[in-house]
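Quick notes on the structure that follows.
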Amino acid sequence: MGKNQAYKAMQRARVGSSSGAPGAADAPEDGMTDGSFHSPEWHAARLASLNKTHTVTWEEFKKKQKEEEMKRGELEADKDKMMREYRAQLDAERAQKLANGRNHSRSNSKSSSSKKERKDKDAKKRSKKRRKKFIGVKFELIIRIFKER
């Protein structure tokens, strides 16, 4: 008798049978009695479902793997083709820019407009300074007038 079986026997002797059926305490625990809470119909349905296999045969598995590998190969080929087209487009744009030469950068084409913008900014700064100076002079005059009173 194992440790667990001896402990269970001791518990049964101390407490008595929990089922209340006559002869239940004397029933051997040989694994032949059904102590589950499910009905026999449930057990039959469970066994029937376990007998149905959802596994794939080796041939089906190999066929499926081969199909997936072909799909992956096609995707890789498409990606490679798209990358080659993209690189060709980039190379063409680069060649076109290099064909213009070194003195045709975009910053030179905007230089006249940027000079004009810079002049406008300077003019605005100067006018602001003049206004501040004028306001400062006005303020000093007003303060002088109030002090004289």
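Remember, predicted model here, so these are calculated numbers, not experimental data.
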Check Glu69 with Arg72, please: is the shortest side-chain N to carboxylate O separation under 4.0 Å?
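Looking at Glu69 together with Arg72, the answer is yes, because their closest N to O distance falls below 4.0 Å.
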Salt bridge flag under 4.0 Å for residues Asp122 and Arg118:
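Looking at Arg118 together with Asp122, the answer is no, because their closest N to O distance does not fall below 4.0 Å.
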Close side-chain approach of [X] to [Y], heavy-atom, < 4.5 Å:
X      : Y      : answer
Ile143 : Glu140 : no
Glu67  : Lys63  : yes
Met83  : Asp80  : no

Approximate separation, where rounding is to 0.5 Å, of [X] [atom1] and [Y] [atom2]:
X      : Y      : atom1 : atom2 : result
Leu75  : Lys79  : CG    : NZ    : 6.5 Å
Lys66  : Phe61  : NZ    : CZ    : 13.5 Å
Lys62  : Thr57  : NZ    : OG1   : 9.5 Å
Lys115 : Asp120 : NZ    : CG    : 14.5 Å

Same cluster for Tyr86 and Met82 if Ile/Leu/Val/Met/Phe/Trp/Tyr side chains link at under 4.5 Å?
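As far as the 4.5 Å side-chain criterion goes, Met82 and Tyr86 are not connected within one cluster.
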Could you give me the CA-CA distance, side-chain angles and deciding distance for Arg87 and Asp91, then say whether salt bridge (Lys or Arg N to Asp or Glu O under 4.0 Å) is met?
CA-CA 6 Å; Arg87 288 298 310 166; Asp91 291 341; 3.5 Å; yes
